Every structure is written in structure tokens, then in C-alpha cells.
K.L.:
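My structure is below; once you've seen it, I'll send some questions.
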Protein chains: 2
Amino acid sequence: MSVTGAGVSERTGQIVDAARVLIDEGGSAALTMRALGERLGIRAPSLYKHFPDKGAVEAQVIALALRELASELERAGSLDALASAYRAYALEHPHLYRLMNSGPLPRHLLPAGVEDAAALPLVRAVGGDMDRARAVWAFAHGMVILELDGRFPPDADLDSAWRTGLKAFAVPARRRSGA
Amino acid sequence: MSVTGAGVSERTGQIVDAARVLIDEGGSAALTMRALGERLGIRAPSLYKHFPDKGAVEAQVIALALRELASELERAGSLDALASAYRAYALEHPHLYRLMNSGPLPRHLLPAGVEDAAALPLVRAVGGDMDRARAVWAFAHGMVILELDGRFPPDADLDSAWRTGLKAFAVPARRRSGA
DNA sequence: GTCTATAGCCGGATAGAC
DNA sequence: GTCTATCCGGCTATAGAC
């Protein structure tokens, strides 16, 4: 059984797993049909007997990564813990993080529910307030992607910036009276 | 005089301007030496008399866009106005926004101070608190890039999510007592 | 389901004439 | 500073034999 689990043929699971490794190690650009074939000990054209095109393989890797991330986040209870787990995954697997969170999502190629499942832990953590969930997600994604892209100054204290942001989002109601 | 201003030869300014248009209209991938030459009525190899390689051209476009964005932001007084201007620029020039805010920055090819100048309006708006500046930037960038990438559900009320986030960041001190 | 061969396209960049 | 000619490399994908 491959990591992907489902009832597909063993071979397709191996292909997706190999593609995941290629991306994890070298980024999206490292996923080429030739490299993928080589890793599996077959020639690139043979892959087309299992997948219609490269996009289909990539979509399966995205689904895999989404489930992977979701399973990490499920363990977290508080919003702070959630943020820690989120950042940790991104730093451990920057290329996979980018793949699943940047650029257009091939939604029509993704198994239903995968996207929602990845979002669920956060939605729950903010008590179902979707505006807050989206704002926190934007903050977390922004922090992570700017860090991965090296956009913060080398001497920036990112832990401190995270704390500042999380503190701002932590106090939900408790508004004094004005607008 | 080209938009770039500086004392470079007229031709190099025209090249950068043309490259800016190419990216603005078709994204980073649309900037190819051939397309750039065609737009200027010359052949691609001729460009190498003005720039060492494609990366140098791209870096100048980034500098140009950074200054463009900075000049839009300078006009804004409040943090809310700043956020509006930021989002407006990103939605008007999504490809340029991506170019200057995603992926690694070729800092060694950028004129000194350009990056800081773009950040200055925000730093000022949060009273020089760098943690807060970084957190707000992450939030704003996250909102913008997730919107550009179509990651929010079609029915999501993004104005509302922005308000939620900005409200959270608006109240700086005023902490009751506990941790 | 794997292979070989190859079509087809696009890209950055260089050499050398004018 | 512009040109033509060209090299070199990369990629996805197909055709057809086994």
C-alpha cells in the first residue's frame, strides 16, 4: 500500500509518491516526466499509461500534501498550537507548502472535500467565524510565504512578529463600545 | 525621458518600460527576450548590448514596480487607507504585484533603498513597531495573494475579512492586565 | 505496461558580419 | 547597436513495436 491509500493500482500510488519526493526535494520545477520516470526505473512515455498528463500527477501530489498538512493540524488544540504546527510544516516542506498554497488550485482534479478538510482545524479554532478564519489564514500564510521567500530582513525576529499577530487575533469579542 | 528616470541611456529605459508592459499584461512568463525585442522593433540578440542577461532586465522592472507601489502608498494616511491602496494596486496589477512580492528578491541587482522605501509608509502607520509592521504586512500580503490565486471560496466576503483583520491590528496597546 | 524514436515547441544566449 | 545564423538545452507528449 502506498501513502495515497485509495483503491488505485499499486503503480499509480508509486508514481504519486515518487512525484511527491521530487517536489519535496527540488521544488515544482523538479517534477518532470523524465525525472519521474527515472526515479521509478522506467521511461517517461510509460507514465502516460497511468496518467493522462503531468497535471494529473501534480494534482494528486497536491491532494496528498493537503491531507498530510491536515493531519498535522488536527493534533493542535489552541490557535497558537495550530499556528506553530502550520509554520513547522511549511518550514519542513517548503516546496510542498508552496505547491499546495500558491498559484491556482486544480480543483476539478482534486478529490472532493480535501480542501475543506485542510481548513477545518482553523475554522474550528476560531469558533466558526469565517471572517476571522480567513483573516488568520491570510496572516499565517503571509508570514510563512514571506519567510520562505526570504523577504524579511535577516535580523527580523519572526517569532516575535508571530506572537504580535496571534495576540491581535486572540481577543475576539471584548470590544469596549465604539464602532 | 522614460518612467525610470535615471541617467541611463534612453534605450535601456525603453527596454525596461516595455518589459514592464509585457509582465503587466501577461505575467512573468510573458517576459521573454524574443517578445521583448519584438515589442521594441528589434531582435532579441540586440538586447544583450544593453543588458547582460534577462535577470538584469527583470530586476529593473521589479525596482520600477516597487517605486510605483511606494508612490501609491505614500498618499495614504491611516492604516485602513494604506490597506485599501495596497489591495487596489495588487488587483490592478496582479502580475507586477506577484513579481515584486513573490519568490526570491534579486537584492544585489536592486538600487539601494528601493525596498525600504516601499516599506516605509507601513512602518510609519504603525508607529515604528516593527513586529506590528511585519504582522500587518503578512496579513495584507496573505489576503492579497490568496485572492489573486483564487484560494478563497467565490462567495467569501473579502471586504469583511479585511475589516476583521484590520480591526484586530488597529488596537495596539490597551491590554487589560493578564499575559 | 514497457520500450525506442521522435515530433514539436519554446527558451536563453553567443558568434561574427555590418 | 543592430542584424542573421545558430547552438544548446529543456520540456510535454505521441506513434508504434514488443
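Naming convention: chains lettered A, B, ... in sequence-line order (proteins, then strands); numbering from 1 in each chain. Bear in mind the structure is a predicted one, so any value in this text is a computation, not a measurement.
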K.L.:
Which residues, if any, of residues 20-30 of chain A bring a heavy atom under 4.0 Å of DNA chain D?
P.N.:
none
K.L.:
Quickly work out the B:E58 CD to C:dA13 P distance and round it to whole Å.
P.N.:
11 Å
K.L.:
Give the C-alpha distance, both sets of side-chain angles, the deciding distance and a yes or no for side chain to side chain donor-acceptor pair (under 3.5 Å) between B:D24 and B:H95.
P.N.:
CA-CA 5 Å; B:D24 195 26; B:H95 299 304; over 6 Å; no
K.L.:
Take atom CG of B:L36 and atom P of C:dG12, then tell me their distance rounded to the nearest Å.
P.N.:
10 Å
K.L.:
Closest to the A:H50 side chain: C:dG1, C:dC3, D:dT14?
P.N.:
C:dG1
K.L.:
Parallel under 30°, tilted from 30 to 60°, perpendicular over 60°: which one fits the rings of B:F169 and B:F139?
P.N.:
tilted
K.L.:
Take the protein atom CZ of B:R11 and the nucleotide atom P of D:dG1, then report the distance between them rounded to whole Å.
P.N.:
10 Å
K.L.:
Between the protein and nucleotides 4-6 of chain D, are there any N/O to N/O pairs under 3.5 Å, and if so, what are the atom names and distances?
P.N.:
{"residue": "D:dT4", "atom": "OP2", "partner": "B:R43", "partner atom": "NE", "Å": "3.2"}

K.L.:
List the atom of A:V114, the atom of A:A63, and the distance in Å for their closest heavy-atom pair.
P.N.:
CG1-O, 4.0 Å
K.L.:
Rounded to the nearest angstrom, tell me the gap between atom CD in B:E38 and atom P in C:dC10.
P.N.:
12 Å
K.L.:
Please tabulate, for side-chain N and O atoms in residues 45-52 of chain A, each donor-acceptor pair with protein atoms closer than 3.5 Å (sequence neighbours left out).
P.N.:
{"residue": "A:S46", "atom": "OG", "partner": "A:R43", "partner atom": "O", "Å": "3.4"}

K.L.:
Can you list, by chain and residue number, the hydrophobic cluster partners of A:M130 when the side-chain cut-off is 4.5 Å?
P.N.:
A:V123
K.L.:
Test your reading of the model: is there a side-chain donor-acceptor pair from A:R67 to the backbone of A:A118, 3.5 Å cut-off?
P.N.:
no
K.L.:
Testing B:E68, B:H93, B:E25 for side-chain hydrogen bond (donor to acceptor under 3.5 Å, both in side chains) with B:R20, which one passes?
P.N.:
B:E68
K.L.:
Can you figure out which of D:dT2, C:dT2, D:dT12 approaches the side chain of A:M33 most closely?
P.N.:
D:dT12
K.L.:
Are the ring centres of B:Y86 and B:W137 closer than 6.0 Å?
P.N.:
no
K.L.:
Give me, pair by pair, the N or O atoms of the protein and of nucleotides 16-18 of chain C that are less than 3.5 Å apart, along with how far apart they are.
P.N.:
none

K.L.:
Other than A:L120, what residues sit in its cluster of Ile, Leu, Val, Met, Phe, Trp and Tyr side chains whose heavy atoms are under 4.5 Å apart, directly or through others?
P.N.:
none
K.L.:
Out of D:dT12, C:dT2, D:dC3, which nucleotide sits closest to the side chain of A:Y48?
P.N.:
D:dT12
K.L.:
So do the side chains of A:R11 and A:I42 get within less than 4.5 Å of each other, counting heavy atoms only?
P.N.:
yes
